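See structure below.
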There are 2 protein chains.
Amino acid sequence: MPVADVSPRGCTHFKARQFARRLSRRYDAELAMAGLKTTQFSLLTHVLNLGPVAPGELARRMGLEASTLTRNLRPMIAAGWLVQVPGQDARSRRISITGLGQAKQAEGRRRWRVAQTAINRLLGPQRVAALHELLDQLAAELEAAEPR
Amino acid sequence: MPVADVSPRGCTHFKARQFARRLSRRYDAELAMAGLKTTQFSLLTHVLNLGPVAPGELARRMGLEASTLTRNLRPMIAAGWLVQVPGQDARSRRISITGLGQAKQAEGRRRWRVAQTAINRLLGPQRVAALHELLDQLAAELEAAEPR
DNA sequence: CGGAAATAATTGCATCTACAAGTATCCCGG
DNA sequence: CCGGGATACTTGTAGATGCAATTATTTCCG
């Protein structure tokens, strides 16, 4: 008895990107009411959870290039949500969230909740949970296979 | 007997985006050997498959904002891979692929194959197929729920 | 016919993303 | 102590993304 053909059709990257774009518009619309981009909210949340953290470490955790992080930080430091302080060495830094940043994160969190709840309702909590599971697994495997 | 708690944890958008970023780096590395960005390859492929097409229609099919498409087209038209010709009205246009563009797409297609095969091998064809299935379904539902 | 509303695409502005190259600093072996 | 290589970020360059506003046309209704 032949096994089913499981060869994936189409481009995984295109599908992932298109899906991410469609999601972006929803989250961004909600977070815009708090004056935040979705990426900025993620960044605030990561810094809040990790505490003062080196840019390199933060970038690794978020799956971003270090150079991307440098640039994403700029408007947020300018807004006074994050600060950069010297690290151990003269070459390293630490990123910390400010009081203003914490307030902004809390504001964003309320908006994010609304957006996430809408997505759960629209797509079905079980399928969203299944997607999370799959994405978490696959992302971890991609990361593990990345060049050190 | 209580049902399992299926409330999704974490942010769907962040997970999708992080995953897409990790994929991007792999596809882009391969497609760079053909002098293409992944997005450009998608665009070439869509125009090839759809034939001469209005920008608005193309944007809808790809899940892009029209304004994004306008800008993504610019370097590709400059490269001579695509051309823009007048449409029915004076306000509409049609995008077509050139011979040069077809050659570039074929070149990209070989590179894409390599990248996609590597992903299938790394993540497992069954899980990739399952992800495609899920993403296709969910993206379609997001699209259906988008404002007309 | 004439103007309001709809349609199609582009532009202004801001941010996100990443590879390659550059700067500054540190560490380690000789 | 010194020089090469590793580390930690930042910059140069280029494209991707989207919202709001704009331009140009068309359509429709009175």
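Chain identifiers are assigned alphabetically (A, B, ...) following the order of the sequence lines, protein sequences preceding nucleic acid strands; residue numbering begins at 1 within each chain. If you're wondering where the values come from, they're calculated on a predicted model, not measured in any experiment.
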Net bend of the helix from C:dC1-D:dG30 to C:dG30-D:dC1, end axes of five pairs each, nearest 10 degrees: 10°
Is A:R93 near enough to D:dT10 that one of its side-chain N or O atoms lies under 4.0 angstrom from OP1 or OP2? yes
Would you say B:I77 and B:L43 are hydrophobically clustered, going by side-chain heavy atoms of ILVMFWY under 4.5 Å? yes
So, is A:Q84 near the phosphate of D:dT10, with a side-chain N or O under 4.0 Å from OP1 or OP2? yes
Has the side chain of B:R91 got a donor or acceptor atom sitting under 3.5 Å from an opposite partner on the base of D:dT26? no
Presence of B:S92 side-chain N/O under 4.0 Å of C:dA8 phosphate oxygens OP1/OP2: no
Between C:dA8 and B:R60, is there an OP1 or OP2 to side-chain N/O distance shorter than 4.0 Å? no
DNA chain D nearest-nucleotide lookup for B:T39 and A:A54: closer to the 5′ end is A:A54
Would you say the side chain of B:S67 and the base of D:dC19 hold a donor-acceptor pair, judged only by whether the two atoms sit under 3.5 Å apart? yes
A:N72 side chain near C:dT15 phosphate (N/O to OP1/OP2, under 4.0 Å): no
Using only side-chain N and O atoms of B:R17, determine if any of them is under 4.0 Å from OP1 or OP2 of C:dT17. yes
Can you find a donor-acceptor pair, distance only, under 3.5 Å between A:R21 side chain and D:dT17 base? no
Pick the nucleotide of DNA chain D nearest each of B:T68 and B:K37; which residue has the one closer to the 5' end? B:K37
